[in-house]
Amino acid sequence: MRILKYCFLSVIFISTSLFAQEPTSAKPQGHTDQNKFRQMKDLLATPNETRTASGAPGYKYTQQQVDYVMDIRLDENTSQIFGDEKITYHNNSKDHLQYLWIQLDQNMRAKDSKTPDVKEESFRTPFNSAQAFTKSNLQETFDGGFNIEHVKNDNGSDLSYTINQTMMRINLAKPLAPGDTFKFQIKWWYNVNNHVTQGGRSGYEAFPDGNNTYVIAQFFPRLCVYNNVEGWQNMQFWGRSEFALEFGNYDVKLTVPADHKMEATGELQNPKDVLTKEQIKRFELAKKSFKDPVFIVTQEEAEAAEKQRSTKLKTWHFKADKVRDFAFATSRKFLWDAMAVDINGRSVMAISLYSKEGNPLWEEHSTRVVANTLEEYSKLTFDYPYSKAVSVHAEMGMEYPMICFNYGRPNEDGTYSERLKRGMIGVITHEVGHNFFPMIVNSDERQWTWMDEGLNSFVETLAELDYDPNYITGNLPKDIVPYMGGDQSNISPIMSQGDYVHQFGPNAYTKPAAGLYMLRQTIMGPELFDYAFRTYSQRWMFKHPTPADFFRSMEDASAMDLDWFWRGWFYTTDYTDIGVKDVKQYYLTDQPTEKAKERAKRFKMDLADYPGRFIYYAEAVDGVIPQDAKSASDFAELNTYLESLSPEEKAKLKEAPKHFYEVTFEKPGGLVMPIILEITYEDGTVERKKYPAEIWRYNEFEVKKVFKTNKAITSFVIDPDLETADVDTTNNAWPKDDATAFSKFKEKVKG
């Protein structure tokens, strides 16, 4: 009889409506409900005319411009750099400026630098490391600070200034009015550090053959940012948190030994003065090669050059518009290759400079990785606007507009491990990617490291997986679990100024990247996420965004309330831990259960007065349903009701389920996250369910869901693909001793 198909469906309605349970609290004793879904108005700045509530720049948004004309000379014999720069400062703000602040980053290496004073020290004996002992205790301190020869007005008169460690204040004779410009000049020099033995983001490497390779950055006094949010960004440079800089136009002449080959930020203005006809011809061929790099300088030519040492000089002339910094690399040891990249119909050059010590690894991968990075980042953000991107072999990882310095050196015999190759590909992708964040989307690195490192590491992950689908990125949610589940006293919120965080790498790189990957793959979905991320990126091209602008743009362009995610993942050190606390199975019976009797007593009902009126369900014992459990066909009133339904109403009824499971999910961790559930049935079929994070909105400690099915369920597994950075997977499966489901899950965790 068809009516019997619907009986189970109605059973739950009748039972729960007559004997409904009062809501119970699962809040652990001593815990306070913090309302994880409260809005972030207490944390984000109030929108105004310069920063809108949508996360876009306001109609009164302004930013400064700084233009530089520089003559730079490198003395290879003494490893010193000499500079003469002319600066034009454009006050585009609505404020009258009493002074200008300039970064003197090299002063971190001055003899009187405060940087060593703030570092904790432990005494190491010569037995620990003779080299480290000598460097720390016996060697004279290297003096790499700026030597300022003069600071002058545009008319040549002396200009008042004050130096405070790594900052210099230019004292203006009268305030610089809105819309006005101020021109002045600085002459300086400094000793270049050996970045291999002395560390640093810039410097030279000395090779046994007597030659150096120079990768030079932060090498000139640079204007600080003055913005609508906090005025001057003039935090001291302690060596870790990087740089906040203004966009401007650069006209730079670099004088180096005549046999050097060079690349730098900007367009080379005088190729005929510094390159041979053959090299120019090869570069023109490279502009048409979109598949394989073309050598401008071959290894044989580089090896021949490094055996000699010219006493003559050449001047390379570069111009760059709308960039926030300038850097260069120069050496006679450099091989040089290049290829074209198609960025939405426009050709951009991918270029590499490297010594023979980088081969064969660099010849095989560097320029190809540069090309792949430009392609993938452009898809996710905006078309790369510059004409080139250069990767330089320098045994470090550091980025500047159009040029970056990267590591990856094979053994002397040219062999290398898969790990080294993977590391080099990752570093090149990451540093080239910095062209987008923060060289174009120009966030404040000194204040919010994660806005450039974290966002960049996230896009890097997608680019790496495109280059090699089997690439181990280290930036997935599962990769951050050991950090997040570690000692809380040694963890800082992401929203911490970069100089004051514990575990800088996981805090600024991995956790933000893993969080954004989770947001894209698990919470929002690629379509919504990509549109919102692209919206943010394009809104803030060549501008200065803040964290609030990012958070608001992502929500504004996706119609998703993500305040719970930003608050938990970025502002706290809470972790994810979601588990299956309990699973109850129920069966039907026509005899009153103990719970039914208790409730009838509470409501002063005598169940004997209502024979056949109620349908009862009882919990299975150890998952086993008793053989004498009655079917719903024994209950006349239910069948009578179903018979009374119209054909249209009967047509809306579905096949009645035979199995009922009440699952209680618990959340020992502080973060709210979606519940991703894998359900395995007795016939081996598998089903996935994803419950939004809002499932925790009324009770953040435990929630229940009921599963009604015609097939028996053999297991429940939470987060089977490790998407939510769950720090404790021992509570993620039911039954816990299920060798099939849980052992497979544990293998995923290990992997």
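Along the sequence shown, residues are numbered consecutively beginning with 1. Predicted model, so just to flag it, every value in this text is computed and none were measured.
With sequence neighbours left out, the ring-ring contact (aromatic ring centres under 6.0 Å, His included) criterion links Tyr483 to no other residue. Residues passing the side chain to side chain contact (heavy atoms under 4.5 Å, CB included) test with Arg309, sequence neighbours excluded: Glu76, Asn77, Asn211, Arg332. In this structure, the salt bridge (Lys or Arg N to Asp or Glu O under 4.0 Å) partners of Glu306, at least two apart in sequence or on a different chain, are Lys333, Lys356. For Phe82, the side chain to side chain contact (heavy atoms under 4.5 Å, CB included) partners at least two apart in sequence or on another chain are Arg73, Asp75, Gln80, Trp189. Applying the side chain to side chain contact (heavy atoms under 4.5 Å, CB included) criterion to Ala305, with sequence neighbours excluded, gives no partner residue. In terms of the salt bridge (Lys or Arg N to Asp or Glu O under 4.0 Å) criterion, Arg422 has no residue partners (sequence neighbours excluded). By the side chain to side chain contact (heavy atoms under 4.5 Å, CB included) test, Lys253 pairs with Asp71, Thr315, His317, sequence neighbours left out. Applying the salt bridge (Lys or Arg N to Asp or Glu O under 4.0 Å) rule to Asp67 yields no partners; only residues at least two apart in sequence or on another chain are considered. Shown here are the salt bridge (Lys or Arg N to Asp or Glu O under 4.0 Å) partners of Lys314, two or more places apart in sequence or in another chain: there are none.
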Evaluate salt bridge (charged side-chain N to carboxylate O under 4.0 Å, His left out) for Glu205 paired with Arg409, printing each intermediate quantity in order.
CA-CA 13 Å; Glu205 178 179 4; Arg409 183 162 297 169; 2.6 Å; yes
Please report the C-alpha distance between Phe328 and Phe219 in whole Å, then the side-chain angles of each, then the deciding distance to 0.1 Å, and finally whether the ring pair (Phe, Tyr, Trp, His ring centres under 6.0 Å) criterion is met.
CA-CA 10 Å; Phe328 68 95; Phe219 66 94; 5.3 Å; yes
Should Glu263 and Lys388 be marked as a salt bridge (charged side-chain N to carboxylate O under 4.0 Å, His left out) after you check the CA-CA gap, both sets of side-chain angles, and the distance that decides it?
CA-CA 10 Å; Glu263 261 294 4; Lys388 67 181 181 183; 2.5 Å; yes
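Contact check for Lys511 versus Asn507: no side-chain heavy atoms found under the 4.5 Å cut-off. No side-chain heavy atom of Leu245 sits less than 4.5 Å from a side-chain heavy atom of Leu223. Between Val441 and Phe436 the shortest side-chain heavy-atom distance does not fall below 4.5 Å.
Within the cation-pi definition used here (under 6.0 Å to the ring centroid, within 45° of the axis), Lys322 qualifies as a partner of Phe542.
Between Lys379 and Glu375, none of the side-chain N atoms (NZ, or NE/NH1/NH2) sits under 4.0 Å from a carboxylate O, so this pair counts as no salt bridge. Under the 4.0 Å criterion applied to side-chain N and carboxylate O atoms, Lys307 and Glu300 are not assigned as salt-bridge partners. A salt bridge does not link Arg222 to Glu246: none of the charged side-chain nitrogens sits closer than 4.0 Å to a carboxylate oxygen.
Applying the ring pair (Phe, Tyr, Trp, His ring centres under 6.0 Å) test to residues at least two apart or on different chains, the pairs with a partner in residues 390-424 are Trp362-His393, Tyr400-Phe405. Legend: ring pair (Phe, Tyr, Trp, His ring centres under 6.0 Å) pairs involving residues 449-468, not counting sequence neighbours, sorted by first then second residue: Trp450-Phe551, Trp450-Phe570, Phe458-Phe529, Phe458-Phe533. Listed by first and then second residue, the ring pair (Phe, Tyr, Trp, His ring centres under 6.0 Å) pairs involving residues 258-302 amount to none (not counting sequence neighbours).
The main-chain N or O of Pro401 is found under 3.5 Å from a side-chain atom of Thr265 such that the two form a donor-acceptor pair. A donor-acceptor pair is defined here as one N or O able to donate and one able to accept, closer than 3.5 Å; no such pair exists between the side chain of Gln64 and the backbone of Val66.
For the side chain to side chain donor-acceptor pair (under 3.5 Å) test with Arg201, the passing option among Glu242, Glu399, His195 is Glu242; the others fail.
Between Tyr377 and Phe437, the distance from one ring center to the other does not fall under 6.0 angstrom.
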